Amino acid sequence: MAAPQTILTTVTAVDTLSDEIKAFTLAPVDGELPGFTSGSHVIVQMPDGETTHANAYSLVNLPGQNIFCIAVKREPQSRGGSRYMHEQVQVGSTLAVSPPANLFALATCDGPHILIAGGIGITPFMSHIAALDQAGAAFELHYSYRDASVAAYVDVLRQYQGSGRVVLYDNSQGQKLDLPALMGRLDAHSHVYACGPQVLMDAVVAEAGKVLPAEHVHLEQFGKQAVKDAHTFTVTLARSGKEVEVGPDESILHAIERKAKVKVECLCREGYCGTCETVLLGGQALHLDQYLDDTEKAAQNKIMICVSRAHQGPLVLDL
Ligand code: FES
């Protein structure tokens with residue numbers, strides 16, 4: 001798959017939302033930005049010396065405006081992208097971004113839609129609640145954060161609190177989201193959406209799974225999923241016949257680049273842009289990406305080699 005075309009934008013505003021989070025407003029250098037739906041993200045490219053970071057960020061503004069608004073948390077453990085955004089990007093900077101894509105769309109139903117955010121995982125919900133509010137759909141947002149000084153959009157969301165549709169949980173004040181109680185009162189038509197730390201996502205999947213079918217549970221997961229007990233496996237590159245061993249701590253992509261010296265086009269390296277999609281000719285993949293849908297994953301004929309691994313190997317790739 002070719003890398004998605006990029007759109008050149010100019011940064012027109014940089015706002016500090018908390019001690020750790022900055023918001024950036026991007027306007028097109030020329031013409032109109034493509035439209036998007038709530039829950040969409042863009043991938044921002046950040047040339048930084050010999051590296052280009054590529055991170056996905058949810059669009060927090062309402063669709064229909066000719067701007068992209070994103071919020072970026074400075075991650076101490078990041079590969080450099082969030083540091084770049086916080087330190088290098090200012091009003092007037094030019095940023096290349098991908099067209100918007102939506103892997104976290106609202107289900108087509110009247111709801112109720114139950115939105116669960118942890119920390120910076122609030123970002124995709126900012127456009128969702130605006131869209132749901134505009135549509136008059138039933139929703140609840142439950143937003144849990146460590147402390148108001150490090151959380152984004154708390155003041156904006158307090159305006160909704162009186163409606164009972166937004167519940168804020170400031171953990172530093174001892175306020176905790178009670179997931180079993182929340183799930184216990186859902187009706188069968190509810191759709192649950194979650195974005196935040198892995199531990200929250202796992203808990204939502206476990207609790208929602210007791211009362212709702214899997215297709216009513218929607219997750220937004222930027223960053224790599226942790227794999228328990230990852231094992232070593234072999235990948236065969238069908239075009240050259242090369243065999244590459246992939247260790248438990250590396251990706252197929254990384255192993256191919258390092259050991260076989262084969263260059264594969266890639267952008268995000270985290271399983272959501274689709275650029276590294278590769279035809280799977282043999283073996284069974286353990287799909288860990290956000291890009292392929294469930295039907296595509298079940299077909300076992302393509303794989304995102306930046307994050308996915310072997311379920312039953314060895315894998316044979318059309319490379
Ligand atoms: S490089 Fe983006 S999905 Fe693999």
Side-chain angles (χ1 to χ4, degrees), residues 1-7 36 39-48 50-59 68 70 72 75 78-82 84-85 95-105 124 195 198 201 218-227 230 233 235 237 244 246-281 283-311 313 315-319:
M1 174 178 287
Q5 62 176 112
T6 53
I7 302 161
F36 64 92
S40 295
H41 69 270
V42 293
I43 297 168
V44 179
Q45 294 185 34
M46 297 159 263
D48 185 12
E50 293 184 355
T51 314
T52 296
H53 310 293
N55 287 6
Y57 295 110
S58 297
L59 295 174
F68 291 155
I70 59 174
V72 180
E75 301 282 2
S78 88
R79 290 173 294 136
S82 70
Y84 181 95
M85 290 297 291
L95 286 176
V97 305
S98 69
N102 200 341
L103 304 178
F104 195 49
C195 184
Q198 189 67 46
M201 311 279 263
H218 313 269
L219 306 177
E220 177 79 310
Q221 230 159 3
F222 292 139
K224 292 179 186 164
Q225 290 181 51
V227 185
F233 58 95
V235 166
L237 309 184
V244 178
V246 181
D249 299 324
E250 63 185 344
S251 65
I252 298 173
L253 175 62
H254 185 240
I256 289 174
E257 287 174 332
R258 197 165 62 86
K259 298 171 185 168
K261 307 289 181 218
V262 170
K263 178 114 181 71
V264 179
E265 195 150 22
C266 60
L267 185 57
C268 71
R269 291 180 178 262
E270 293 197 339
Y272 45 76
C273 76
T275 314
C276 70
E277 181 180 306
T278 300
V279 173
L280 178 62
L281 299 171
Q284 295 270 310
L286 172 65
H287 292 290
L288 298 168
D289 64 278
Q290 309 300 308
Y291 186 78
L292 298 177
D293 63 28
D294 290 345
T295 308
E296 291 172 312
K297 286 177 179 173
Q300 289 286 352
N301 55 19
K302 45 194 172 184
I303 179 172
M304 297 299 156
I305 58 172
C306 62
V307 291
S308 297
R309 305 184 61 80
H311 176 57
L315 300 182
V316 184
L317 304 179
D318 184 21
L319 285 175

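All values derive from a computational prediction rather than experimental measurement. One is the number of the first residue; the rest follow in order along the sequence. Remember, it's 1-based here, ligands and their atoms both numbered in the order they're listed.
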Review point. Any donor-acceptor pair under 3.5 Å linking the side chain of Ser308 with the backbone of Ile303?
Key: no

Review point. At atom 2 (Fe) of ligand 1, what angle lies between atom SG of Cys268 and atom SG of Cys273, rounded to 10 degrees?
Key: 100°

Point to revise | Atoms in ligand 1 with a heavy atom of Leu267 nearer than 4.0 Å | key: 1 (S)

Study note, to complete from the structure: If you scan protein heavy atoms around atom 1 (S) of ligand 1, the nearest is Arg269 N, 3.2 Å

Check your understanding: Under 4.0 Å from ligand 1, counting heavy atoms only, is it the side chain of Tyr291, its backbone, both or neither?
Key -> neither

Study note, to complete from the structure: Near Tyr272 (heavy-atom distance under 4.0 Å), the atoms of ligand 1 are 3 (S)

Exercise for review: Check whether any side-chain N or O of Tyr291 sits under 3.5 Å from a backbone N or O of Met304 as a donor-acceptor pair, and report yes or no.
Suggested key: no

Review point. Pick from Asn301, Leu281, Leu237: which one makes a side-chain contact (heavy atoms from CB on, under 4.5 Å) with Asp318?
Key: Leu281

**Study point:** Option from Val316, Val246, Leu319 for which side-chain contact (heavy atoms from CB on, under 4.5 Å) with Val235 holds
**Key:** Val246

Review point. Are any N, O or S atoms from Cys266 nearer to atom 2 (Fe) of ligand 1 than 2.8 Å?
Key: no

Exercise for review: Would you check if Ile70 and Leu59 make a side-chain contact, meaning some heavy-atom pair closer than 4.5 Å?
Suggested key: yes

Practice item. Note the single closest protein heavy atom to atom 3 (S) of ligand 1, along with its residue, its atom name and the distance in Å. Key: Gly274 N, 3.3 Å

Practice item. Please calculate the SG(Cys306)-atom 4 (Fe) of ligand 1-SG(Cys276) angle and round it to 10 degrees. Key: 100°

Check your understanding: Taking the side chain as C-beta and beyond, is there a heavy-atom pair between Phe68 and Phe36 under 4.5 Å?
Key -> yes

